[in-house]
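All heavy atoms count here, side chains included; hydrogens, waters and symmetry mates do not.
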Amino acid sequence: MLLIVEALVFGWTMFGYGLEGWAAQGRQEDIDEADLASIAFMQHFLVAVLVLFALAALARSPWTAVLQLLTAGAVVMMLVLTQHEYEQSHPGPAPTPSAGYSPCYSGSGRCD
């Protein structure tokens with residue numbers, strides 16, 4: 001029952017964030033906001049699943065503990081993939097040129 005409730009909460013919340021990104025209709029700021037909110041939710045959800053695992057382990061419920069560990073593994077994998085996708089779509093800025101850099105224009109005579 002606990003696994004079903006967790007799956008429903010996770011699925012419904014992620015569906016909501018997906019709809020937020022879809023409703024943004026191309027506004028990149030709103031899409032990024034929905035992506036970051038879903039990543040933050042997954043992080044908090046992972047902590048909640050690990051707390052439930054600890055409680056199941058303390059209560060000596062082996063099947064519940066194993067299911068919570070499997071759930072935590074699935075959430076970790078989705079979190080890593082989501083963070084990787086976000087990082088790939090938002091690369092860092094290009095490095096700044098050094099102090100001695102001079103651009104090379106055709107015919108300028110400053111090309112090395």
Side-chain angles (χ1 to χ4, degrees):
M1 185 68 166
L2 179 62
L3 186 62
I4 293 170
V5 170
E6 287 176 348
L8 288 174
V9 167
F10 186 80
W12 185 257
T13 306
M14 295 308 290
F15 178 71
Y17 287 128
L19 283 179
E20 253 183 69
W22 177 69
Q25 296 194 1
R27 292 186 307 269
Q28 194 60 40
E29 290 178 5
D30 295 340
I31 294 171
D32 291 343
E33 184 180 323
D35 287 344
L36 290 175
S38 70
I39 289 172
F41 170 76
M42 275 195 257
Q43 291 170 343
H44 292 103
F45 190 77
L46 177 62
V47 170
V49 169
L50 290 175
V51 166
L52 289 173
F53 162 72
L55 291 175
L58 287 174
R60 296 183 182 175
S61 263
W63 291 108
T64 304
V66 168
L67 283 175
Q68 291 303 308
L69 260 181
L70 291 174
T71 304
V75 172
V76 163
M77 289 184 63
M78 286 188 281
L79 180 61
V80 167
L81 289 173
T82 304
Q83 286 178 335
H84 178 71
E85 179 184 342
Y86 184 80
E87 291 296 322
Q88 289 294 321
S89 65
H90 295 82
T96 57
S98 63
Y101 173 77
S102 62
C104 179
Y105 299 111
S106 177
S108 67
R110 293 189 289 175
C111 300
D112 292 329

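- Distance check: His84 NE2 to Gln88 CD gives 4.0 Å after rounding to the nearest 0.5 Å.
- Remark: Gln68 CD to Leu2 CG distance equals 4.5 Å, nearest 0.5 Å.
- Among the candidates Val49, Leu52, Val66, the single residue satisfying the side-chain contact (heavy atoms from CB on, under 4.5 Å) test with Thr71 is Val49.
- Heavy-atom minimum distance, Gln28 versus His90: NE2-NE2, 4.3 Å.
- Counting all heavy atoms, side chain and backbone alike, Leu46 lies closest to Ala72 at CD1-O, 3.7 Å.
- When the ring pair (Phe, Tyr, Trp, His ring centres under 6.0 Å) test is applied to Phe53, no partner is found at least two apart in sequence or on another chain.
- Residue Val75 is grouped with residue Val80 when hydrophobic side chains (ILVMFWY) are merged at heavy-atom distances under 4.5 angstrom, including chains of intermediate members.
- Residues Leu36 and Tyr17 share a hydrophobic cluster, clusters being chains of Ile/Leu/Val/Met/Phe/Trp/Tyr side chains in contact below 4.5 Å.
- Between Leu67 and Trp63, the closest side-chain pair of non-hydrogen atoms is not below 4.5 Å.
- Residues Val76 and Met14 fall within the same hydrophobic cluster, defined by Ile, Leu, Val, Met, Phe, Trp and Tyr side chains chained together at heavy-atom separations under 4.5 Å.
- Taking all atoms of both residues into account, the shortest heavy-atom contact from Ala65 to Ala57 is CB-N, 4.3 Å.
- Smallest separation of non-hydrogen atoms from Leu79 and Ile39: CD1-O, 3.8 Å.
- Annotation: the span from Glu33 atom CD to Arg27 atom CZ amounts to 10.0 Å, rounded to 0.5 Å.
- Here the straight-line distance linking atom CZ of Phe10 with atom OG of Ser38 works out to 8.5 Å at 0.5 Å rounding.
- The heavy-atom pair separating Ile31 from Ala24 by the smallest distance is CG1-CB, 3.6 Å.
- Counted within 6.0 Å of CD on Glu85, heavy atoms from surrounding residues, nucleotides or ligands total 12 or fewer; the atom is thus considered open.
- The distance from atom CZ of Phe41 to atom OG1 of Thr13, rounded to the nearest 0.5 Å, is 3.5 Å.
- Leu3 and Val51 are members of different hydrophobic clusters when ILVMFWY side chains are connected at heavy-atom separations under 4.5 Å.
- Inter-residue side-chain proximity for Glu20 and Asp30 is flagged as unmet; no heavy-atom pair is nearer than 4.5 Å.
- One distance of note links CZ of Phe45 with CE of Met78; it measures 8.0 Å at 0.5 Å rounding.
- Within 6.0 Å of the CG atom in Leu8, the count of heavy atoms belonging to other residues, nucleotides or ligands exceeds 12.
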